[in-house]
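Here the structure comes first, spelled out in structure tokens, and everything after it is commentary.
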Amino acid sequence: LIIIILIPSIPLVKAVQITEIYYNPFGDEISQEFIELELTNQINLSQLIISDNVANDAVTELIDKDSKFGLVVSDKMQSSTLKNYNCTILKVSGSIGNGLGNSGDFISLFINGTLLDSVKYEAKSSDEGKSLQQIEGNWTLATPTPCTKGVDVISTINNTDRKSVV
């Protein structure tokens, strides 16, 4: 059971939006976890701060590709894996935050202290190998689809906790 609660807000400009969270991959989590971002407007991603319940991370390396999507990943992710992703890559040092929580977490994106987007999720550890994806306005448990819109729906989650400000 995954519970996500919606906090409505009025978005001014959605330059960056969290669209997928791969929080409980099979195997070594630090080297496989990712947060997918939909990039709707030009923005300086090198200034992005990613935060979870415990820690904040700055982007340490930006591999910019002409893509509508970006992936926040650990610098521990293998280069051979990264070559498979045709989107902008935003590396952070070590884990994303203190590691994306398998039972839940609160993820926020900031630039220059301005909140861009945030998502709070609760999950079960039995959801290993699946990701949370925003598909047609609903958060859905699905097979991971990094750098693309998700389509392989496993189940739809009715409650979402999302706050988008900019």
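All residue numbers in this chain count up from 1 along the given sequence.
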Checklist entry - Given the rule in the side-chain contact (heavy atoms from CB on, under 4.5 Å) test, do S108 and D117 qualify, once you have shown the distances and angles that lead to the verdict? => result CA-CA 6 Å; S108 301; D117 197 12; over 6 Å; no
Item to check | Common cluster, L45/I21, ILVMFWY with side-chain heavy-atom separation under 4.5 Å | outcome: yes
Item to check | Full working for side-chain contact (heavy atoms from CB on, under 4.5 Å) between L116 and I43 | outcome: CA-CA 11 Å; L116 301 176; I43 191 165; 4.0 Å; yes
Checklist entry - Going by atom types only, do E128 and N102 share a side-chain donor-acceptor pair under 3.5 Å? => result no
Item to check | Heavy-atom side-chain contact between Y22 and E33 under 4.5 Å | outcome: no
Checklist entry - What residue among Q133, E20, E38, E36 forms side chain to side chain donor-acceptor pair (under 3.5 Å) with K149? => result E38
Checklist entry - Got F34 and P144 here, is their nearest side-chain heavy-atom distance under 4.5 Å? => result yes
Checklist entry - Nearest 0.5 Å, what's the CG-CD distance between L82 and E61? => result 8.5 Å
Item to check | Under 3.5 Å donor-acceptor, T88 side chain and K65 backbone | outcome: yes
Checklist entry - Looking at side-chain heavy atoms only, is the closest gap between N98 and N53 below 4.5 Å? => result no
Checklist outcome for this item: d(Q134 CD, L132 CG) to nearest 0.5 Å is 11.0 Å
Next on the checklist: To the nearest 0.5 Å, what is the distance between NZ on K124 and CG on L141?
Outcome noted: 8.5 Å
Checklist entry - Do V119 and W139 come within less than 4.5 Å of each other through their side chains, counting heavy atoms only? => result yes
Checklist entry - Is it true that Y85 and V72 fall in one hydrophobic cluster, defined by side-chain heavy atoms closer than 4.5 Å? => result no
Checklist entry - disulfide bond (SG atoms under 2.5 Å apart): which pairs involve residues 87-130, sequence neighbours left out? => result C87-C147
Item to check | Sub-4.5 Å side-chain heavy-atom contact between S93 and D75 | outcome: yes
Checklist entry - N41 and V16: side-chain contact (heavy atoms from CB on, under 4.5 Å), yes or no, with the steps? => result CA-CA 7 Å; N41 290 319; V16 178; over 6 Å; no
Next on the checklist: Counting C-beta onward and ignoring hydrogens, is there a side-chain heavy-atom pair between I35 and I18 closer than 4.5 Å?
Outcome noted: yes
Item to check | Expected output: side-chain T140 to main-chain I135 donor-acceptor under 3.5 Å | outcome: no
Checklist entry - Using a distance-only test with no angle check, is there a side-chain donor-acceptor pair under 3.5 angstrom linking N112 and T114? => result no
Checklist entry - Taking a hydrophobic cluster as the set of Ile, Leu, Val, Met, Phe, Trp and Tyr residues connected by side-chain heavy atoms closer than 4.5 Å, whether directly or through intermediates, do I63 and L71 fall within one such cluster? => result yes
Checklist entry - Below 4.5 Å, heavy atoms only, C-beta onward: do F69 and T19 meet side chain to side chain? => result yes
Next on the checklist: For I49, is there any backbone N or O sitting under 3.5 Å from a side-chain donor or acceptor partner on D57?
Outcome noted: no
Next on the checklist: Does either side chain, that of D127 or that of N24, offer a donor lying less than 3.5 Å from an acceptor on the other one?
Outcome noted: no
Checklist entry - Is there a side-chain contact (heavy atoms from CB on, under 4.5 Å) between L90 and L48 once you walk through the steps? => result CA-CA 9 Å; L90 300 97; L48 190 69; 3.9 Å; yes
Checklist entry - Under a 4.5 Å cut-off applied to non-hydrogen side-chain atoms, are I50 and V92 in contact? => result yes
Item to check | Main-chain N/O of G101 paired to Y121 side chain as donor or acceptor, under 3.5 Å | outcome: yes
Item to check | Path from Y23 to I107 over hydrophobic side-chain contacts below 4.5 Å | outcome: yes
Next on the checklist: Distance alone, cut at 3.5 Å: any donor-acceptor contact between the side chains of T81 and N84?
Outcome noted: no
Checklist outcome for this item: CG (D52) and NZ (K120) are apart, to the nearest 0.5 Å, by 13.0 Å
Checklist entry - Do V73 and L109 belong together in a cluster built from hydrophobic side chains that touch within less than 4.5 Å? => result no
